[in-house]
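Following: one structure in structure tokens, then a few remarks.
Worth saying up front: this structure is predicted, and the values here are computed from it rather than measured. Each residue takes its place number in the sequence, starting with 1.
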Amino acid sequence: MSKYMETGGAGYIVSHLTRELAARGHEVVVLDNLSTGRKENLADVLDAVSFREGSITDLETVRECCRGVDCVFHQAALPSVPRSVADPLTSDEHNIGGTLRVFWGAHQEGVRRVVYAASSSVYGDTEELPKHEGMQPKPMSPYAVNKRVSELYGNVFNNLYGLSTIGLRYFNVFGSRQDPNSQYAAVVPKFITAFLAGRSPIIHGDGLQSRDFTYIENVVEANIAACGARPEAGGRSYNIALGGRITFKDLCYRIRELVGTDIEPQYDESRPGDVKHSQADVALARQYLEYAGEVDLDEGLARTVAWYKDNS
């Protein structure tokens, strides 16, 4: 049994990871200020973990949570491109300042490795597809800049301070328990819950923009694999996705079929800072992390729709 610390542990992605680590019998310390996370996400495992309400911007809190920990899963952030466009200062404070404190606190407390959430947004709107880790990053939003700077800090801490760091560039994660009501919610829960409620989902732009949507169980698998990866895997970032892509329009109609309705979507203006197309090359993650990504898009969507039907 190992001891782990998670930042943002009450959030959507990490609550799934918490559940898996607890099920394997590990000791888990969860740090979350509940600004975007919800304690209800951990309701079924709260008695199996140590929950600490606090912020990654508080170094002493971070250090306390890191004591005796083998690996930190750093997932806390102020997510969303639109949020960062509207308020870049707050995004910077949490996404860069908070990440720096996590790295420094982990280093000070002798943590072996930090696995942290990077983002596919660092690639920007490049025409080359699929996007691979050797490409020059071209961030188009403050959020993407935040994530790129975090990667640079990760490399420095790996090479200069000896703290093994691995960044995971997530590509459009979806699955059960995702909050559809947030202004910054992902499109999958928004589409599903709109159809279930008998409303037309909103597609921003022409719907022909495409993404590499990634089911949550693949992301959990990637985090655990990164934690146990060999030393030479450290100091770099890896794409975590399925290696395919689908347009928002096609995704919407695929979800409509799974829900079982004939409601048509509505179209609205494009959002500033959004890229047109995104698709991942996951060869490096397969090579260095032994990442498999076994749940494909159709199976992931079917499981997700079923969950929202049961919990709507």
Considering residues at least two apart in sequence or located in another chain, which fulfil the ring-ring contact (aromatic ring centres under 6.0 Å, His included) criterion with Y215?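 F174.
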TODO: Check step by step if side chain to side chain contact (heavy atoms under 4.5 Å, CB included) holds for E299 and E217.
DONE: CA-CA 11 Å; E299 176 63 22; E217 284 190 17; over 6 Å; no
What's the separation between atom [atom1] in [X] and atom [atom2] in [Y], rounded to the nearest 0.5 Å?
| X | Y | atom1 | atom2 | value |
| --- | --- | --- | --- | --- |
| K276 | L208 | NZ | CG | 5.5 Å |
| L163 | R112 | CG | CZ | 10.0 Å |
| T18 | F51 | OG1 | CZ | 10.0 Å |
| I56 | H74 | CD1 | NE2 | 4.5 Å |
| L42 | E40 | CG | CD | 9.5 Å |
| Q266 | I202 | CD | CD1 | 4.5 Å |

Review point. Between E151 and K147, is there a salt bridge with N-O shorter than 4.0 Å?
Key: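 E151 and K147: not salt-bridged.
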Using residues 283-292 as the side-chain source, report each donor-acceptor pair under 3.5 Å to any protein atom, sequence neighbours left out, with the distance given to one decimal.
{"unit_1": "R286", "atom_1": "NH1", "unit_2": "Y291", "atom_2": "O", "d": "3.3"}
{"unit_1": "R286", "atom_1": "NH1", "unit_2": "A292", "atom_2": "O", "d": "2.7"}
{"unit_1": "Y291", "atom_1": "OH", "unit_2": "A241", "atom_2": "O", "d": "2.7"}

Item to complete: Determine, using ring centers only, whether F103 and F157 are less than 6.0 Å apart.
Response: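 Under 6.0 Å, so yes.
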message: I'd like to know whether CD of E264 has more than 12 heavy-atom contacts from other residues, nucleotides or ligands below 6.0 angstrom.
response: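 Yes, because the 6.0 Å sphere around CD of E264 holds more than 12 heavy atoms from other groups.
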*asked:* Can you tell me if K3 has over 12 outside heavy atoms packed within less than 6.0 Å of its NZ?
replied: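 Above 12, so yes.
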Open item on the list: Any side-chain to backbone donor/acceptor pair from N146 onto P142? Under 3.5 Å, distance only.
Closed with: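 Confirmed, N146 side chain pairs with P142 backbone.
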**Prompt:** So if you build clusters from Ile, Leu, Val, Met, Phe, Trp, Tyr with side-chain heavy-atom gaps below 4.5 Å, do F171 and V81 land together?
**Reply:**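 No, F171 and V81 fall in different hydrophobic clusters.
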